[in-house]
Amino acid sequence: MIKSGLVSITFRNLSAKEIVELVSKAGLCGIEWGGDVHVPHGNTNKAKEVAKMTKDAGLEVASYGSYYNVGFEKEQGISFEKVLETAKELGAPTIRVWAGNRSSSDMDKALWDTVIEESRRISDMAFHEGITVACEYHANTLTDTPESAYKLLAEADHQNLYCYWQPPVGLDDESCIKGLKMITPWLSNIHVFHWENGERLPLEKGVDKWQKFMKIIKNVKGDRYCMIEFVKNDDPMQFLADAAILNILAA
């Protein structure tokens, strides 16, 4: 089953309350709360407050966007224990992380091994709390190409480690589809947006592209959220228009 939602960092300038109101108005199902602004790491009181606010509005916490860099805990100054505790209080079923902090081409074998080992460690920790871990499919991490994402997931080989997906900006549809198909055994949530030539555009202009992606996503076993991340001009009204398109695509 596919549910629709919003990634809260799309509107970093809005309060959690304003985001809940906006998502409710849009008729979406859930929210991925970001750990950098709306639900800071270690602030369990804020996590409980946002969880209640979300639930009271009839919405779901889709995930916790932690921005935790796997393998670089000391350098980043964020412990996974703190991330996990916050996600637990938030009631998040999934923690989104970044696989390292540099591109796969810049990671030597020692760093690769570190990220793989740490991916297993945090996946174990989260498993005991009933929470999954999912790497964002993102530039400047070990999931920045279809091949490197597959390598990371296959070599980590952990039952509780998954991967988000989003269309890499600038790639043609065929290449995007190839990458999506490669990680379907580990597919978690989807970040939805439409960019062309580095410019954010209304999702309506990307419907043909997203229909191709959704055809594949809908055939992957399991439940997941498709969540809007980024809108043209950071405009709440544009978000409402994009949300209407997303609800049609996800149906």
Side-chain angles (χ1 to χ4, degrees), residues 2-39 50 53-54 57 59-67 96 98 134-141 143-144 163-177 179-180 187-218 224-251:
I2 293 179
K3 297 181 180 180
S4 58
L6 170 71
V7 181
S8 77
I9 59 91
T10 302
F11 297 109
R12 283 190 169 96
N13 60 319
L14 298 184
S15 68
K17 182 175 183 293
E18 289 172 319
I19 286 173
V20 166
E21 291 172 350
L22 192 58
V23 173
S24 295
K25 185 176 182 180
L28 302 183
C29 300
I31 301 170
E32 175 184 285
W33 290 106
D36 55 347
V37 176
H38 297 114
V39 184
V50 171
M53 187 188 308
T54 306
L59 302 172
E60 299 174 350
V61 173
S63 54
Y64 183 45
S66 72
Y67 297 99
R96 173 170 60 83
W98 279 358
C135 301
E136 184 169 4
Y137 198 81
H138 202 276
N140 297 315
T141 71
T143 57
D144 59 355
C163 191
Y164 274 49
W165 186 80
Q166 61 195 44
V169 176
L171 275 192
D172 60 85
D173 293 359
E174 184 178 343
S175 298
C176 287
I177 289 170
L180 172 57
L187 189 63
S188 178
N189 299 323
I190 310 295
H191 282 171
V192 179
F193 51 79
H194 181 55
W195 289 30
E196 287 184 12
N197 300 318
E199 179 185 359
R200 300 180 189 180
L201 297 175
L203 186 57
E204 183 180 16
K205 293 186 177 295
V207 166
D208 289 346
K209 180 189 297 282
W210 273 99
Q211 283 176 334
K212 297 176 188 176
F213 302 155
M214 285 295 189
K215 185 176 181 180
I216 298 166
I217 293 165
K218 288 177 179 179
R224 58 192 43 82
Y225 291 88
C226 287
M227 299 176 286
I228 291 174
E229 182 188 39
F230 307 123
V231 297
K232 183 176 175 63
N233 298 325
D234 298 325
D235 181 3
M237 293 304 295
Q238 181 62 59
F239 162 69
L240 294 176
D242 288 354
I245 297 297
L246 175 59
N247 277 330
I248 293 171
L249 289 168

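- In this structure, NZ in Lys209 is found 9.0 Å from CD1 in Ile177, a value given to the nearest 0.5 Å.
- In this structure, Leu22 and Leu240 have side chains that are in contact, with non-hydrogen atoms separated by less than 4.5 Å.
- Here the closest heavy-atom approach between residue Leu246 and residue Cys226 is recorded as CD2-O, 3.4 Å.
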Q: Dump the intermediate steps for salt bridge (Lys or Arg N to Asp or Glu O under 4.0 Å) on Asp36 and Arg12, then the final yes or no.
A: CA-CA 9 Å; Asp36 55 347; Arg12 283 190 169 96; 2.7 Å; yes

Q. How far apart are the C-alpha atoms of Val37 and Asn13, what are their side-chain angles, what is the distance that settles it, and do they pass the side-chain contact (heavy atoms from CB on, under 4.5 Å) test?
A. CA-CA 9 Å; Val37 176; Asn13 60 319; over 6 Å; no

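- Interatomic distance, Cys29 SG to Leu59 CG, rounded to the nearest 0.5 Å: 8.5 Å.
- In this structure, His194 has its ring center at least 6.0 angstrom away from the ring center of Trp210.
- A salt bridge between Asp234 and Arg200 is present, with a side-chain N of the basic residue lying under 4.0 Å from a carboxylate O of the acidic one.
- The environment of Lys218 atom NZ is dense: over 12 non-hydrogen atoms of other residues, nucleotides or ligands sit within 6.0 angstrom.
- Ala139 and Asp144 make their closest contact through CA-CB, 3.8 Å (heavy atoms, listed as atom of the first residue, atom of the second, distance).
- At distances below 3.5 Å, at least one donor-acceptor pair connects side-chain atoms of His38 with backbone N or O atoms of Leu14.
- Heavy-atom neighbours of Glu204 CD from other residues, nucleotides or ligands within 6.0 Å: at or below the threshold of 12.
- Atom CG of Leu6 is separated from atom CD of Glu32 by 9.0 Å, given to the nearest 0.5 angstrom.
- The closest donor-acceptor contact from the side chain of Thr54 to the backbone of Glu60 lies at 3.5 Å or more, if one exists at all.
- In terms of heavy-atom proximity, Thr143 sits nearest to His138 at OG1-N, 3.2 Å.
- Between the side chains of Tyr164 and Glu229, no donor-acceptor pair of N or O atoms lies under 3.5 Å.
- Atom CG of Asn197 has 12 or fewer neighbouring heavy atoms from other residues, nucleotides or ligands inside a 6.0 Å radius.
- Here OG of Ser8 is found 7.5 Å from CD1 of Ile31. Values are rounded to the nearest 0.5 Å.
- Ring planes of Trp165 and Phe213: perpendicular class, angle over 60° (limits at 30 and 60°).
- In this structure, the separation between CD1 on Ile19 and OG1 on Thr10 is 8.0 Å, given to the nearest 0.5 Å.
- Annotation: side chain of Pro167 is in contact with side chain of Phe193 (closest heavy-atom distance under 4.5 Å).
- A ring pair (Phe, Tyr, Trp, His ring centres under 6.0 Å) with Phe230 holds for exactly one of Trp195, Phe239, Phe11; it is Trp195.
- Looking at heavy atoms from C-beta onward, Met227 lies out of side-chain contact with Leu28 at the 4.5 angstrom threshold.
- Side-chain contact check for Asn233 versus Gln238: every heavy-atom pair is 4.5 Å or farther apart.
- Of all non-hydrogen atoms in Ile9 and Gly34, the two that sit nearest each other are CG2-CA, 4.0 Å.
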**Q.** Step-by-step salt bridge (Lys or Arg N to Asp or Glu O under 4.0 Å) determination, Lys25 to Glu21
**A.** CA-CA 6 Å; Lys25 185 176 182 180; Glu21 291 172 350; over 6 Å; no

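- With a 6.0 Å cutoff to the six-membered ring centre and a 45° limit on the axis angle, Arg96 counts as a cation-pi contact of Tyr67.
- One finds the CD1 atom of Ile190 at 10.0 Å from the CD1 atom of Ile216 (value rounded to the nearest 0.5 Å).
- The side-chain heavy atoms of Lys17 and Val20, taken from C-beta on, include no pair separated by under 4.5 Å.
- Scanning all heavy atoms of the two residues, the minimum distance from Tyr137 to Cys163 falls at CD1-SG, 4.0 Å.
- Residues Glu136 and Thr141 have side chains not in contact (no heavy-atom distance under 4.5 Å, counting atoms from C-beta outward).
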